[in-house]
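One structure below.
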Amino acid sequence: MIHGTLEELTWESAFFGIRSAILRLQDDAPALDPESFNAWSRVQVKIPAAHAHQLDRLQQLGFQLVEGEADFALTVPESGIDPLAQTAADADIAPLRAMAATLFSQSRFRAPWYPAEASGRFYAQWIENAVKGVFDHQCLLFRTTTGDISAFVSLRQLNDHEARIGLLGGFGAGEKLMLAACQWARQRQLTTLRVATQIGNLAAIKRYTRSGAIMESTAYWLYR
């Protein structure tokens, strides 16, 4: 038996045009059966990868595994190299949107769960919002010698001690992007930098590990 509550994902529902909710699992919440989800076109749930019993029960309710996620934490060094990243401006939004739409086209917002273009459109909007300081607080970037954007990273301060990397993408610039993220956190006297990636994204996992990050947890996303 699964116990939990359903919370509407208002922004996602409007953005994708699919009435969506997230299932919050709670032992002291009401028991749920298949009819509990009939009001929603899409229901998401995230569970710790170690909770195999929850995975089995959710699959019995019609949920399907979409992707695995790994969460990392990096202790921000007290000193380090400043790679001199630039702060993205409004004029950078169009090329950043195009890059994000291409780089993140196979996220958990992909088909068949969402329209074919939905994932790219979602992350294009995310990076635009980051430039404007919405949700993520800032977007840093690097340019080629011709002035084109080659790589970017968005960042959000979580509290007095921690920040989280939102989106990180580019071509051969992983180390510079991590250095830029650490410099951004260090300037704000933050001590921990958090980041998540798909379990299947081995390149990102290697990059974060080489930068000193430690994998703290893994989880599964399931949809119904």
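Note: hydrogens, waters and symmetry copies are ignored here, and every other heavy atom, side chains too, is used.
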So the ring-ring contact (aromatic ring centres under 6.0 Å, His included) pairs with at least one residue in residues 165-193 (sequence neighbours excluded) are none

Using modelled atom types and a 3.5 Å cut-off, is there a donor and acceptor pairing between side-chain atoms of Ser154 and backbone atoms of Leu167? yes

Note to self: Counting C-beta onward and ignoring hydrogens, is there a side-chain heavy-atom pair between Thr192 and Leu74 closer than 4.5 Å?
What the structure shows: no

(message) Could you check whether any side-chain heavy atom of Gln64 comes within less than 4.5 Å of a side-chain heavy atom of Gln59, counting everything from C-beta outward?
(response) no

Looking only at the side chains, is there a donor atom on one of Glu69 and Trp221 sitting less than 3.5 Å from an acceptor on the other?
yes

Residues pairing under ring-ring contact (aromatic ring centres under 6.0 Å, His included) where one sits in residues 190-215, two or more places apart or in two chains, turn out to be Phe72-Tyr208

Apart from Ile199 itself, its cluster of hydrophobic side chains linked below 4.5 Å comprises none

If you draw a 6.0 Å radius around OH in Tyr114, do more than 12 non-hydrogen atoms from other residues or ligands fall strictly inside?
yes

* Is there a donor in the side chain of Ser150 and an acceptor in the side chain of Thr144, or the other way round, less than 3.5 Å apart? -> no

For residues 84-107, the ring-ring contact (aromatic ring centres under 6.0 Å, His included) pairs (sequence neighbours left out) are Phe104-Tyr123

So ring-ring contact (aromatic ring centres under 6.0 Å, His included) across residues 25-48, not counting sequence neighbours, yields Phe37-Phe63

No-hydrogen, no-angle side-chain donor-acceptor test under 3.5 Å, Arg156 and Gln138: no

If the threshold is 4.0 Å, N to carboxylate O, is there a salt bridge linking Asp71 and Arg164? yes

(Q) Treating Glu8 as the side-chain partner and Thr10 as the backbone partner, does any N or O pair qualify as donor plus acceptor under 3.5 Å? (A) no

Residue pairs meeting side chain to side chain donor-acceptor pair (under 3.5 Å), one or both in residues 89-105, sequence neighbours left out, come to Asp92-Arg143, Arg97-Gln125, Arg97-Glu128

Quiz item: Any idea how Tyr223 and Trp113 line up, ring-wise: parallel (<30°), tilted (30 to 60°), or perpendicular (>60°)?
Solution: perpendicular

When you measure from the side chain of Asp33 to the backbone N and O of Ser36, does any donor-acceptor pair fall under 3.5 Å?
yes

Can you say whether the rings of Phe122 and Trp126 are parallel (under 30°), tilted (30 to 60°) or perpendicular (over 60°)? perpendicular

